[in-house]
Amino acid sequence: MMDKKQVAAVLDQMGTLLELQNANPFRIRAFQNASQIIEGITEDLDDLVDRQTLTDIDGIGQGLAKIITDLVKTGSSREYEDLRKSLPAGLLDIIRIPGLGPKRVRLLYEKLKIDSVEALKRACETHQLAELTGFGEKTEQNILRGIERLRKTSEKHLVPRAAESAEKMLKAISRLKAVKRCEVAGSLRRRKEVIGDIDIVASVEEKHRASIVKVFVSQPEVSSVVAQGETKATVVLTNGINCDLRLVRDNEYPFALNYFTGSKEHNVEMRSLARRKGWSLNEYSFSLLKGAKKQSRIPVCRNEEDIYKALGLSYVPPELRENMGEFDASRKGAVPKLLEEKNLRGTFHVHSTYSDGANSLEELTKAAQKLGWDYWGVADHSQIAVYAQGLSPEKVNEQRREIENLNARLKNFRVFHGTECDILSDGTLDYSNDVLAGFEYVVASIHSKFNMNESEGTKRLIKAVRNKYVTMIGHPTGRVLLSRDGYPCDMVQVIDAMADYGKAIELNAHPSRLDPDWRLLKYAKEKGVKVFINPDAHNADGLRDVRYGVGVARKAWLEARDVGNAWPTREVEKFFAAIRA
DNA sequence: GCCGTTTTCGGCCCGACTGTTTTCAGTCG
């Protein structure tokens, strides 16, 4: 009745409702934690329920297992219904307003009967809040601004846009003489697929703090200042993204950087590990735990590596800090050597002037050479894509001849001839097998009929995966395969099929459309499915967009050998040939 | 609510900022 996404949402909501009820904070955390766990599992939730193995998962006990089982089986649960009935639904909207937490939401409801954002807005405008103890005029103003901000920033920001702003702000800070070290932290450093806000950490002598904060808040990118203190400032940038600056002493810097990089889940585990050594860990330092039975001497930590070392761990790259197995790997010294941008030797999903691309084969080749690559692959649209000048079989032959001529002239560089072939609604492909056999590789993509139900959608894709000439499944429209709210299909099943048939998957890194789910990518890696980081480029500049995919690939623990475009030319040729063999 | 090669009971992460206080609670990250 409910899938894992829905179950996760319900558990999170139960946590919030418990907060509003002023319940035991650890009980609250148990629900929030469980929500995270369920969202992250790659096994089939139905299976776990049927086999009654939910309690094998760390963090899920008898109580939560019962609730989850009820939700999956019946679509509801006694505990959930009781909680939901105990408070008006509108409070769940109100609590999302920045500056309002469970205590004050509860108070507003009890004293002023405020049970919706609209009612709250009216109450602020008529200054009813200021009459309550603990509230004043300033708070009313802040809430009104919060309501407005929530409306504007409810959507999260994509990595490339946030990265661009972050670079500008970082540059403004780092060029100041008083700043010793500074770096972007937070989810941007962890390369999450979407970014909430930008965190910058800087080390600076105390006497210079005020001047640094002043420079920060007066940057041209800043549209308003939310908070400005001695060690912290928060601003809203002109593009609507929040940006935080934290100032610390230089000896505190590694701790601050680590702390503000997160994730929260990673930090919680770090602190637990510190406690076991008899230390307390915060954003400034280790300190000896008062009254601990066993205490170890605290080593000097000059950088993040030292902190991990102190806890008996090898360095954990920011992309892996999600408490999703990185501590185990780190203890065993088995942290993978993650993909680097410089590992990439080329890319394969590129459109030329033959279909809807803006640059010729020659121009694209020059751009790829300029990036230091060894190859690239053309993948123009197939014939049904009339809107994009999809290629007829005759045109395909013409293109092949041009590529052969080009390759004959090129030294130490190779252009591959592929296609982005449409998967039709019945799962068959837009070219006959005869035509497909003429390509070196085939990216099979969906551009039509996005409103199928999940089982039909899954069948359609798996049928395409089975086609002997398909090399990799692409995701052309952005809201597709590896994204959580994309094309209706059970991606786990599709990945299983790819593993069975030795096919690859495309991580489409087109920046304007990026929202790939790294958990699914990680699952693909575990299954041995190769990944190609492709830009879906329509011009020469677009080739560079692969760099946005590298961060997501790192989050999924991908190493150079897991990624097709990190292989040398010969290996790529072999892989393509093996698929049709 | 969860968890246990120190525990089946008693723990479970911590500091800064804000606005309203006259010493601090609530919120945030």
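Lettering follows sequence order; numbering is per chain, from 1. Keep in mind that the numbers below use all heavy atoms, side chains included, and drop hydrogens, waters and symmetry copies. Here the structure is a predicted model, which is why all the values come from computation and not from measurement.
A salt bridge links A:Arg209 to A:Glu230: one of the charged nitrogens lies within less than 4.0 Å of a carboxylate oxygen.
The phosphate of B:dT20 (OP1 or OP2) has no side-chain N or O of A:Thr133 nearer than 4.0 angstrom. A sub-4.0 Å separation between OP1 or OP2 of B:dG19 and a side-chain N or O of A:Asn142 is present. A:Lys232 has no side-chain polar atom (N or O) that falls below the 4.0 Å cut-off from OP1 or OP2 of B:dA16. Not one side-chain nitrogen or oxygen of A:Tyr284 sits closer than 4.0 Å to the OP1 or OP2 atom of B:dC14.
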What protein N or O atoms touch nucleotides 10-12 of chain B N or O atoms at under 3.5 angstrom, if any, and at what distances?
unit_1: B:dC12; atom_1: OP1; unit_2: A:Arg275; atom_2: NH2; d: 2.9

Side-chain donor-acceptor pairs of residues 167-175 of chain A under 3.5 Å, sequence neighbours excluded:
unit_1: A:Ser174; atom_1: OG; unit_2: A:Leu170; atom_2: O; d: 3.1
unit_1: A:Ser174; atom_1: OG; unit_2: A:Lys171; atom_2: O; d: 3.3

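Contacts of A:Phe327 classified as ring pair (Phe, Tyr, Trp, His ring centres under 6.0 Å), with partners at least two apart in sequence or in another chain: A:His266.
Backbone-only contact: A:Glu137 has heavy atoms under 4.0 Å from sugar-phosphate atoms and none from a base.
When each of A:Arg181, A:Lys180, A:Arg302 is paired with A:Asp250, the salt bridge (Lys or Arg N to Asp or Glu O under 4.0 Å) condition holds for A:Arg181 and for no other.
Applying the 90° cutoff around 0 to the glycosidic angle, B:dT6 is assigned anti.
The base of B:dG29 is paired with the side chain of A:Tyr259 by a donor and an acceptor separated by under 3.5 Å.
Nucleotide B:dC3 is matched to B:dG10 when pairs are restricted to Watson-Crick or G-U wobble geometry with both distances under 3.5 angstrom.
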